[in-house]
J.: 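Pasting a structure below so you can have a look.
Reckoned from all heavy atoms, side chains included, excluding hydrogens, waters and symmetry mates. Naming convention: chains lettered A, B, ... in sequence-line order (proteins, then strands); numbering from 1 in each chain.
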Amino acid sequence: MIVAALALLILLISGLPIAWSFGLAAIFALVWEGLPLLNLPTKLFAGIDSFVLLAAPFYIVAGELMNKGGISERLIRFSIIVVGRIRGGTAYAAVVTSVLFAGISGTAIADIAALGNIFINSMAKEGYKKAFAAALVAAGSIIGPIIPPSVIMVLYAAVADLSVLKLFLGGIVPGILLGVACGVVVFIKGLRGELPPSNLMVPAEERPKVIRDGLLVLTLPGFIVFGTLSGVFTPTEAGGIAVIYAIFLGTVVFRHLDLSGLLKSFRAAARLTAALFMMIAAVEVFNYILIIGGIEEWTQGVLNFFKGNPTVFLLICVVVLLFIGMALDAGPALLLLAPVVLPLTRAMGIDDIHFSMIMIVSTVMGLISPPVGVCLFVTCRIADIRLRELWKELQWFFYAQIGVIVLLVFFPVLSTGLPNWLRP
Amino acid sequence: MVIGLDHVIGWILVALVVLNGASVFMRYVMLDSISWSEEGIRYLACWMALLGGVSAAWMDEHLDMNLFDEIGGGTFQAVQRVGLQFLTFIFGVVLTWQGVIYCMKSGMQTAPSTGILMLFVYASIPIGGFLLALVSLVKIYDVFVPPAISDHGAKHVL
């Protein structure tokens with residue numbers, strides 16, 4: 001097991017794609033342990049051959065189509081109506097749009113790509129510091145993987161063998177709280193007079209259309225959650241129906257999509273899905289090595305050490321996950337750690353959804369943590385600023401969002417309340 | 001070849017959406033169900049993952065840790081690229097080799113709902129592995145002989 005872990009570490013650091021790193025480390029360990037290499041195709045196939053996983057490409061393509069179908073501007077205008085012309089109004093609109101957009105996109109990068117340019121430029125023109133605008137967009141982007149539909153949660157559900165719907169419901173309150181945390185930072189900055197008054201407004205005659213468009217877009221997450229909750233569809237089927245709805249909105253209602261745009265979106269989504277699926281398949285092979293190598297004995301030792309102290313264990317997990325998230329992307333970190341840590345938390349009596357939310361939010365925070373947070377680099381590129389400038393402004397949002405994780409640790413009801421109340 | 005592969009995976013995803021939509025439509029509107037739809041969707045997805053993994057490798061879209069992207073000069077970067085592609089090549093070769101053995105051992109089973117030979121599904125593993133090895137070889141070749149760029153910005157090789 002140690003050999004496999006070392007091989008994985010070296011391969012990851014060398015810059016080899018994460019999927020191939022897991023696969024090669026598993027091959028190396030299989031040879032080292034004298035196990036048949038036939039485990040590679042067997043476990044690899046088992047890792048991909050899952051109906052639950054299929055929700056992921058559907059949500060990816062639905063988000064991509066909604067984005068290309070011109071929803072970003074519609075959601076922003078809708079948010080401006082909601083937030084009004086208060087001091088720092090555009091900053092609040094950015095937060096509200098991030099929360100609403102999270103219900104459509106499912107990934108953090110999609111949020112930044114869609115909202116980054118528009119908000120960073122328009123806020124800079126209004127007199128906001130460019131770094132502040134960029135920090136706000138980056139901090140808001142991590143709400144994407146938390147509020148349903150979430151691609152990361154689908155992958156997590158597949159490897160952890162949990163209900164996608166329960167995870168989706170469990171993510172709603174933490175996602176909103178992350179948005180509120182951003183709002184609190186904006187509010188404090190506003191109190192200190194650091195924010196300009198908003199110039200953005202929607203003319204009264206356009207408001208009915210803006211509200212109609214906004215509600216049409218927001219129907220998508222609602223109908224995924226309520227469709228699956230009522231038992232009409234499985235989460236995977238809901239994803240497929242969401243794609244058809246997104247095509248309908250993009251081509252018939254908003255008329256932003258043509259056939260070539262549609263096919264381009266499908267190809268991009270298929271490539272992204274394939275990259276994610278290959279990673280899951282390779283992680284599956286690697287996890288087999290960990291089980292064979294005696295990971296259970298190790299987890300038993302950890303269990304004995306933390307017996308009777310689940311909260312301390314959770315807080316230590318948060319710190320470790322934040323550090324892991326700084327170096328490893330959220331997807332692979334979750335896929336690798338979930339099957340290892342969940343048996344431990346179950347043995348400690350910690351609710352699966354409670355721990356999963358803490359784990360997902362902590363790891364996703366890695367997307368905006370230096371040194372390798374992907375969202376940091378994308379935001380710096382869009383805003384054309386240096387990482388240091390961005391971090392100077394982003395750190396306050398980061399600390400506020402860490403506060404949300406601490407709340408999640410001490411108040412399990414924040415993540416388990418909705419799934420338990422609705423009992424899917 | 002890779003552009004063709006990219007179109008193939010795009011159309012597989014379209015087929016997945018259509019099959020999924022048809023399954024829901026049949027169940028609620030025609031009050032009948034397509035018994036093989038779930039299995040069909042899963043197997044198509046396997047092909048999409050294995051072929052799409054190759055397409056994503058060609059376009060450098062796989063996630064990695066990017067620690068050495070801006071370190072060292074041109075020679076260091078070239079050596080690193082060759083090293084990484086060689087490791088990818090080894091992975092592709094092992095996948096092809098073991099995939100072929102897996103197809104020979106289990107390929108004659110039939111799927112429970114669709115009734116197709118599992119060989120047609122498992123074949124995605126050696127084919128995906130072979131194409132991955134091929135792509136990594138071309139990428140190694142590209143390091144030594146940089147490809148010409150066409151008017152449309154596309155690389156000529158593959």
J.: Is chain B contacted by the side chain of A/L54, its backbone, both, or neither, given a heavy-atom distance below 4.5 Å?
T.: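 Contact with chain B is through the side chain of A/L54 alone.
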
J.: Quick check for you: to the nearest 0.5 Å, what is the distance between A/T42 atom OG1 and B/Y102 atom OH?
T.: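 Output value for this atom pair is 5.0 Å.
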
J.: For B/V24, is it the side chain, the backbone, both, or neither that has a heavy atom closer than 4.5 Å to a heavy atom of chain A?
T.: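 Only the side chain of B/V24 comes within 4.5 Å of chain A.
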
J.: Please report the shortest heavy-atom distance between A/A274 and B/A49, naming the atom on each side.
T.: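 Looking at all heavy atoms of both residues, the closest pair is CB-O, 3.5 Å.
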
J.: Examine whether an atom of A/I27 lies under 4.5 Å from a heavy atom of chain B, and if so say whether it belongs to the side chain, the backbone or both; otherwise answer neither.
T.: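 Side chain of A/I27 only, per the 4.5 Å heavy-atom cut-off to chain B.
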
J.: How far apart are the closest heavy atoms of A/L16 and B/T88, and which atoms are they?
T.: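 Heavy atoms of A/L16 and B/T88 come nearest at CD1-OG1, 3.6 Å.
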
J.: Do you know which two heavy atoms are closest between A/A269 and B/L13, and how far apart they sit?
T.: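 Reported closest heavy-atom pair: CB-CD2, 3.8 Å.
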
J.: When you compare the side chain of A/F266 with that of B/I9, does any pair of heavy atoms fall below 4.5 Å?
T.: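 No. Closest side-chain heavy atoms not under 4.5 Å.
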
J.: Under the side-chain contact (heavy atoms from CB on, under 4.5 Å) criterion, do B/L95 and A/L44 qualify, and how do the steps go?
T.: CA-CA 10 Å; B/L95 203 58; A/L44 196 101; 3.8 Å; yes

J.: Of the listed residues (B/L51, B/I101, B/V18, B/V14), which shares the most heavy-atom pairs with chain A below a 4.5 Å separation?
T.: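 Highest number of pairs under 4.5 Å: B/V14.
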
J.: Nearest 0.5 angstrom please: A/T273 OG1 to B/I12 CD1, how far?
T.: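 Nearest 0.5 Å value for the OG1-CD1 distance: 11.5 Å.
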
J.: Would you mind checking which part of A/V232 comes under 4.5 Å of any heavy atom in chain B, side chain (CB onward), backbone (N, CA, C, O), both or neither?
T.: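 Contact with chain B is through both the backbone and side chain of A/V232.
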
J.: CZ of B/F91 to CG of A/L11: how many Å apart, nearest 0.5 Å?
T.: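 Here the interatomic distance stands at 11.0 Å.
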
J.: Could you check if a side-chain atom of B/Y122 sits within less than 4.5 angstrom of a side-chain atom of A/P41, using non-hydrogen atoms only?
T.: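 No - every pair of side-chain heavy atoms lies 4.5 Å or more apart.
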
J.: Would you give the length of the straight line joining atom CD1 of A/I48 to atom CE of B/M48, rounded to the nearest 0.5 angstrom?
T.: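 Going from CD1 on A/I48 over to CE on B/M48, the span is 10.0 Å.
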
J.: Is the closest side-chain heavy-atom distance between A/W20 and B/L132 below 4.5 Å?
T.: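 Sidechains of B/L132 and A/W20: in contact.
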
J.: Please classify the contact between B/I125 and chain A as side chain, backbone, both or neither, with a heavy-atom cut-off of under 4.5 Å.
T.: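 For B/I125, the contact with chain A is made by the side chain alone.
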
J.: Non-hydrogen contacts under 4.5 angstrom with chain B: give the residues of residues 277-286 of chain A involved, or none if there are none.
T.: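 A/F277, A/M278, A/M279 fall under the 4.5 Å cut-off.
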
J.: Identify the two heavy atoms, one from A/I241 and one from B/N20, that lie closest to each other, and give their separation to 0.1 Å.
T.: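 Smallest heavy-atom distance, with atoms named: N-ND2, 3.8 Å.
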
J.: Any chance you could measure B/D6, atom CG, to A/R271, atom CZ, to the nearest 0.5 Å?
T.: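 Output value for this atom pair is 4.5 Å.
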
J.: Tell me the closest heavy-atom pair linking A/R267 and B/G10, and the distance in Å.
T.: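 Shortest heavy-atom separation between A/R267 and B/G10 comes out as CG-CA, 3.9 Å.
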
J.: Checking heavy atoms, do the side chain of A/L276, its backbone, both or neither come under 4.5 Å from chain B?
T.: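 When you check distances to chain B, no heavy atom of A/L276 falls under 4.5 Å.
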
J.: Working to the nearest 0.5 Å, report the span between CH2 of B/W97 and CG of A/L37.
T.: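 Rounded to the nearest 0.5 Å, the CH2-CG separation comes to 5.0 Å.
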
J.: Heavy-atom distances under 4.5 Å only: say whether B/L16 touches chain A with side chain, backbone, both or neither.
T.: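 For B/L16, backbone and side chain are both near chain A.
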
J.: Examine whether an atom of B/S23 lies under 4.5 Å from a heavy atom of chain A, and if so say whether it belongs to the side chain, the backbone or both; otherwise answer neither.
T.: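 Answer is side chain: those atoms of B/S23 sit under 4.5 Å from chain A.
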
J.: Quick check on the interface: out of A/I18, A/T234, A/I244, A/V243, who has the most heavy-atom pairs with chain B under 4.5 Å?
T.: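 The answer is A/I18.
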
J.: Would you say that more than 12 heavy atoms from the other residues, nucleotides or ligands in this model lie under 6.0 Å from the CG of A/D258, or not?
T.: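 Count over threshold, so yes.
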
